[in-house]
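The chains referred to below are lettered A, B, ... by the order of the sequence lines, with proteins before strands, and numbering in each begins at 1. Values below: every heavy atom of this structure, side chains too, minus hydrogens, waters and symmetry copies.
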2 protein chains.
Amino acid sequence: MAVANTAVKIPLETPVVEKRVRNRAATEQAILDAAKRLLAEEGFQNFGINAVARGAGCDKQLIYRYYGGLDGLVEAIGTDLGSWVKDRIPDDTGGMFLLTYGDLMERLSLLFLDALRADPLMRRIVAWEVSESSEQVRRLSEARSKALAGWIERMRGSLVPPKGVDAQAVNAMIFAAIQHIVLASAVSDQCAGLALKNGKDWEKAATALKRIVRGVYG
Amino acid sequence: MAVANTAVKIPLETPVVEKRVRNRAATEQAILDAAKRLLAEEGFQNFGINAVARGAGCDKQLIYRYYGGLDGLVEAIGTDLGSWVKDRIPDDTGGMFLLTYGDLMERLSLLFLDALRADPLMRRIVAWEVSESSEQVRRLSEARSKALAGWIERMRGSLVPPKGVDAQAVNAMIFAAIQHIVLASAVSDQCAGLALKNGKDWEKAATALKRIVRGVYG
DNA sequence: CTTGTTATTCACCGCTCGGTGACAATTGGA
DNA sequence: TCCAATTGTCACCGAGCGGTGAATAACAAG
């Protein structure tokens with residue numbers, strides 16, 4: 001009686017196999033997509049080999065084979081980042097004439113603010129950058145800042161900052177402010193007592209940002 | 001021959017017991033200290049029951065008993081935060097006369113910058129705040145912002161911001177910039193292309209900060 | 001010395017993690 | 001047709017995690 005019912009093979013599933021084709025390129029892409037999606041949606045906390053493999057619907061072994069592990073996969077994300085930025089932040093002046101450095105920085109600030117707000121993956125990467133100091137994240141950070149610097153340089157044209165202002169330092173401050181405020185808003189809908197929920201709140205933030213830029217650059 | 005050597009009790013350690021006295025208050029304090037130390041030095045990534053217990057040199061069970069788990073412990077850290085801030089950020093004007101709102105904000109900004117730079121625990125908490133959205137971190141965040149707001153209010157005195165400027169929004173931007181730049185520096189010695197290693201670098205950052213504040217508030 | 005209380009430790013559970021070696025299935029030439 | 005490489009799957013490992021129930025050691029009072 002206590003018999004063979006223990007380890008039965010159950011081929012009940014009709015063999016209507018789900019057309020799981022053999023296609024390395026597609027699988028690599030699926031892994032990369034899953035990694036980006038996971039990072040964007042869940043953050044770097046639960047970001048690991050197992051989670052990515054689950055998300056991609058394949059075995060984790062393939063991640064080792066095709067990317068050499070998580071590090072390689074993260075690096076692939078970094079490589080992707082350049083084009084990513086290009087797709088998401090406009091490269092023209094939006095039909096405006098940027099006459100002064102102040103015009104430029106105001107527009108750049110607002111563009112960057114909106115772009116970061118709209119891009120969860122970027123936000124997660126920025127948060128990662130200020131939370132962990134590993135080789136993985138260093139690579140990502142480098143790719144990101146390079147893409148960003150390239151964009152700024154492209155937009156700058158021949159405009160030059162006013163004399164007597166350390167534009168690099170000031171701009172770093174401004175971009176830091178944008179990044180932090182967007183990160184904070186994504187987590188708690190506010191930053192330093194300033195609400196950041198609806199469009200009206202963001203209007204106020206944008207106005208403050210403009211005021212700061214104009215205060216420095218005129 | 002193949003005898004009792006298997007499960008021998010080895011009381012080789014000279015019974016010079018390390019005076020592990022029974023003292024609940026002291027143990028609680030040791031746990032709290034270990035938690036703060038661990039959070040400050042290792043960050044929130046590897047922050048867990050086991051790590052804290054190891055750091056405190058006691059069994060994790062005591063953390064459950066005395067604090068009701070990690071959540072309670074984190075809350076205790078939050079409670080500690082008020083006094084913590086008071087100890088670390090001066091409450092007077094440093095012998096200066098703050099005549100205008102601009103004077104005030106300039107001084108507050110620089111004080112906050114230095115305080116955050118000098119306080120690894122605070123930095124870790126801020127990084128935590130922008131990385132994870134849990135109840136734990138929400139509590140911490142609340143405690144921190146409350147302590148900070150109280151400090152600002154104390155310093156403000158009767159000074160009022162100039163008309164026509166949304167001081168709350170602008171100040172949020174300024175504090176966001178400070179927080180982000182300090183976080184970034186602690187991890188990668190730079191932020192948005194601006195080096196942040198030696199004192200000279202920080203001089204530049206401080207100057208930029210002052211310029212921004214003065215640009216807005218005069 | 002006994003007894004009860006309190007502080008502290010210990011042993012164990014189930015689970016997930018990153019990582020690896022071996023196996024099965026599919027493909028594309030010789 | 002058979003072979004070898006490529007693609008994908010599976011089972012398993014050791015380690016660490018958070019969490020819990022029960023044993024143990026130190027103390028205070030009677």
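- Evaluation of the side chain to side chain donor-acceptor pair (under 3.5 Å) rule for B:D201 yields no partner, not counting sequence neighbours.
- The nearest heavy atom of DNA chain C to B:K60 and to B:N23 marks one nucleotide each, and the one closer to the 5' end goes with B:N23.
- Looking at residues 45-53 of chain A, you'll see A:G48, A:I49, A:N50 sit with a heavy atom under 4.0 Å from some atom of DNA chain C.
- Within the structure, the side chain to side chain donor-acceptor pair (under 3.5 Å) test picks out the following pairs touching residues 136-150 of chain B (sequence neighbours left out): B:D71-B:Q136, B:E75-B:R139, B:E129-B:R144, B:E135-B:R138, B:R138-B:E142, B:R144-B:Q179.
- Residue A:T27 has a polar side-chain atom (N or O) positioned under 4.0 Å from OP1 or OP2 of D:dG8.
- Nucleotide D:dA22 holds its C1' atom 12 Å from the CG atom of B:D59, rounded to whole Å.
- A donor-acceptor pair under 3.5 Å links the side-chain atoms of B:Y67 to the main chain of B:E28, judged by distance alone.
- The side chain to side chain donor-acceptor pair (under 3.5 Å) test applied to A:R156 returns A:E153, not counting sequence neighbours.
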Tell me which donor-acceptor pairs under 3.5 Å the side chains of residues 107-118 of chain B have, and how far apart each pair is, sequence neighbours excluded?
residue : atom : partner : partner atom : Å
B:R107  : NE   : B:T93   : O            : 3.0
B:S109  : OG   : B:M105  : O            : 2.6

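- OP1 and OP2 of D:dA5 both lie 4.0 Å or more from every side-chain N or O belonging to A:R22.
- Taking atom CG of residue B:L73 and atom P of nucleotide D:dG19, one finds them 12 Å apart after rounding to whole Å.
- In terms of polar N and O atoms assigned as donor or acceptor, the side chain of B:R24 never comes within less than 3.5 Å of the base of C:dT6 in a complementary pairing.
- By the side chain to side chain donor-acceptor pair (under 3.5 Å) test, B:N50 is found to be paired with B:K60, residues two or more places apart in sequence or in another chain being considered.
- Proximity of residues 61-72 of chain B to DNA chain C (heavy atom under 4.0 angstrom from any strand atom) is restricted to B:Q61, B:L62, B:R65, B:Y66.
- The salt bridge (charged side-chain N to carboxylate O under 4.0 Å, His left out) test applied to A:R154 returns A:D91, not counting sequence neighbours.
- Partners of B:K36 according to the salt bridge (charged side-chain N to carboxylate O under 4.0 Å, His left out) rule, which considers only residues two or more places apart in sequence or in another chain, are B:D80.
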